[in-house]
Protein chains: 2
Amino acid sequence: MPPADPSRDSEYLDRLRDYYAEARRIPTQQRICELIGFASKTAAKKLLERLETAGFVERTPDDDAWMPTTRFFERPLADIAVRAGAPDMIEGTQGDMFLIDQYLVRQPSRTLMVPVKGDSMIDAGIHDGDLVVVERTKAAKSGDFVIAIVDDEFTLKELILEKSKFALKPHNPAYPIIRPQGQLEIFGVVTGLVRRYQG
Amino acid sequence: MPPADPSRDSEYLDRLRDYYAEARRIPTQQRICELIGFASKTAAKKLLERLETAGFVERTPDDDAWMPTTRFFERPLADIAVRAGAPDMIEGTQGDMFLIDQYLVRQPSRTLMVPVKGDSMIDAGIHDGDLVVVERTKAAKSGDFVIAIVDDEFTLKELILEKSKFALKPHNPAYPIIRPQGQLEIFGVVTGLVRRYQG
DNA sequence: TTGACAGGTGTTCCAGAGAACACTAGCATG
DNA sequence: CATGCTAGTGTTCTCTGGAACACCTGTCAA
């Protein structure tokens with residue numbers, strides 16, 4: 001038997017990551033045995049349980065299968081605060097697509113992307129040309145950035161509570177606070193933002 | 001029996017997408033029945049086969065399970081500039097579809113995500129806690145936002161040309177321009193930005 | 001009118017995925 | 001030295017996921 005190497009699991013984890021990149025799922029216990037060379041499924045099961053306590057995988061909500069956590073995809077996430085030198089060890093890999101999507105979108109069927117027009121939210125770091133991730137169902141609360149419908153126009157503002165009435169506050173001193181007369185119609189809540197530089 | 005509705009599958013697809021967002025896998029035939037209301041697993045199987053020909057799912061390399069394709073992760077892109085009233089037209093599939101990852105990442109193997117620390121770029125709309133998309137290969141040019149290595153520390157600044165020498169300019173008046181003595185080492189070029197609101 | 005097809009229901013059957021349990025070899029620790 | 005923990009092997013059992021097949025019923029086209 002090989003000596004107990006505490007860093008061996010990270011090598012195993014790499015195998016699982018490679019498999020996930022191809023098949024987009026955590027391998028079965030049987031396939032883990034093939035991938036790593038275990039002779040017994042129990043070893044695979046225990047490995048998964050170790051990876052669970054380490055925070056790389058977790059049970060599905062139905063508790064009938066394993067799923068990766070965000071830490072599972074963590075490889076291309078560089079920690080610039082800690083690292084000194086040795087930048088080459090943090091190369092990204094092919095299979096890590098859809099990390100961003102999963103980071104931003106919780107309920108796909110209720111989520112859409114909305115391009116930002118204008119600079120009324122510039123002081124909140126939301127620029128013209130950015131794309132905001134909008135979740136339609138979410139109940140908007142004071143302090144949320146929302147897409148509201150004012151005079152048949154869509155507008156992105158912060159929802160605030162002013163004397164127990166809702167109002168829309170731009171983040172740009174050049175624009176006034178919007179205090180709607182009747183009902184304030186909220187199209188959706190901004191849950192994320194995406195920006196692309198240079199072309 | 002309900003009338004054959006050609007757009008019914010897209011509603012089913014939404015259920016699968018929501019399930020995938022939670023459990024990170026295509027549901028089993030049995031669970032598809034629960035999610036949608038099918039009484040027979042065969043209906044679930046045929047649905048998956050339809051979605052395969054439509055290009056939303058495919059078989060794993062081992063041909064023992066279903067996995068999502070890139071089309072599975074497409075999000076609707078709303079054009080609020082056109083709007084005028086009818087926001088619900090965006091519900092349908094007719095609008096443009098859009099892949100966040102593809103939008104931000106051109107070369108996955110050369111791309112990584114870097115969390116932003118500090119507020120030295122706040123005036124450029126880059127906040128503490130944002131994630132920037134960094135491409136390692138790209139040749140940096142004046143005007144680019146770059147991750148540079150200064151004194152063994154990673155720092156995010158704008159690369160500028162000052163008297164035919166490169167320097168690093170923060171976008172926050174509280175910080176000074178960095179004029180490196182010797183070689184200025186560029187780790188990568190910022191090609192995108194991702195921000196998540198509320199939790 | 002008559003197919004043919006699409007989208008379902010219902011049923012049977014089997015492989016395999018995972019749980020559970022007993023057991024073992026190294027390695028640390030008191 | 002005993003003790004216990006960790007990371008494995010090997011085995012059995014159960015249950016479920018999926019394939020296959022027969023059948024049903026609206027819709028549309030010829």
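Here is the naming used below: chain letters follow the sequence lines, and residue numbers restart at 1 for every chain. All values reported here derive from a predicted model rather than from experimental measurement.
Partners of B:P176 by side chain to side chain contact (heavy atoms under 4.5 Å, CB included), not counting sequence neighbours: none found. Residues that satisfy the ring pair (Phe, Tyr, Trp, His ring centres under 6.0 Å) test with B:F98, not counting sequence neighbours, are B:Y103. Listed by chain and residue number, A:A23, A:R25, B:D62, B:D64, B:A65, B:M67 satisfy the side chain to side chain contact (heavy atoms under 4.5 Å, CB included) test with B:T60 (two or more places apart in sequence, or in another chain). Legend: residues meeting salt bridge (Lys or Arg N to Asp or Glu O under 4.0 Å) with A:D130, ordered by chain and number and at least two apart, are A:R195. With sequence neighbours excluded, the residues satisfying side chain to side chain contact (heavy atoms under 4.5 Å, CB included) with B:A43 are B:F38. Residues forming a side chain to side chain contact (heavy atoms under 4.5 Å, CB included) with A:L161 (at least two apart in sequence, or on another chain): A:S142, A:F166.
Within the structure, the ring-ring contact (aromatic ring centres under 6.0 Å, His included) test picks out no pair touching residues 110-141 of chain A (sequence neighbours left out).
Side-chain heavy-atom separations under 4.5 angstrom define the hydrophobic clusters, and the remaining members of the one that includes B:I160 are B:I177.
Distance B:D63 CG to D:dG17 P: 19 Å, rounded to the nearest Å. The NZ-C1' distance, from A:K46 to C:dA19, rounds to 13 Å in whole Å. Atom CD1 of A:I32 is separated from atom P of D:dG8 by 12 Å (rounded to the nearest Å). Computed from coordinates, the B:K45 NZ to D:dG17 P distance equals 15 Å when rounded to whole Å. Residue B:L47 contributes atom CG, which lies 11 Å from atom C1' of C:dG8 at whole-angstrom precision. As a whole-Å value, the separation of A:F38 CZ from D:dT6 P is 16 Å. As a whole-Å value, the separation of B:W66 CH2 from D:dG17 P is 17 Å. B:I26 places its CD1 atom 15 Å from the C1' atom of D:dG18, with the value rounded to the nearest Å.
Taking the C1' atoms of five terminal pairs at each end of the helix from C:dT1-D:dA30 to C:dG30-D:dC1, the two resulting helix axes are inclined by 30°, rounded to 10°.
Salt bridge absent: A:K165 and A:E162 never bring a charged side-chain N and a carboxylate O closer than 4.0 Å. A salt bridge does not link A:E11 to A:R8: none of the charged nitrogens lies less than 4.0 Å from a carboxylate oxygen.
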What's touching nucleotides 11-17 of chain C from the protein side, N or O pairs under 3.5 Å?
| from | atom 1 | to | atom 2 | distance (Å) |
| --- | --- | --- | --- | --- |
| C:dA17 | OP2 | A:Q30 | OE1 | 2.7 |

Please tabulate, for the side chains in residues 46-57 of chain B, all donor-acceptor contacts under 3.5 angstrom to protein atoms that are two or more places apart in sequence or on a different chain.
| from | atom 1 | to | atom 2 | distance (Å) |
| --- | --- | --- | --- | --- |
| B:R50 | NH1 | B:D9 | OD1 | 2.7 |
| B:R50 | NH1 | B:D9 | OD2 | 3.0 |
| B:T53 | OG1 | B:R50 | O | 2.8 |

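Contacts between residues 50-59 of chain B and DNA chain D, defined by a heavy-atom separation below 4.0 Å, involve B:R59, listed by number.
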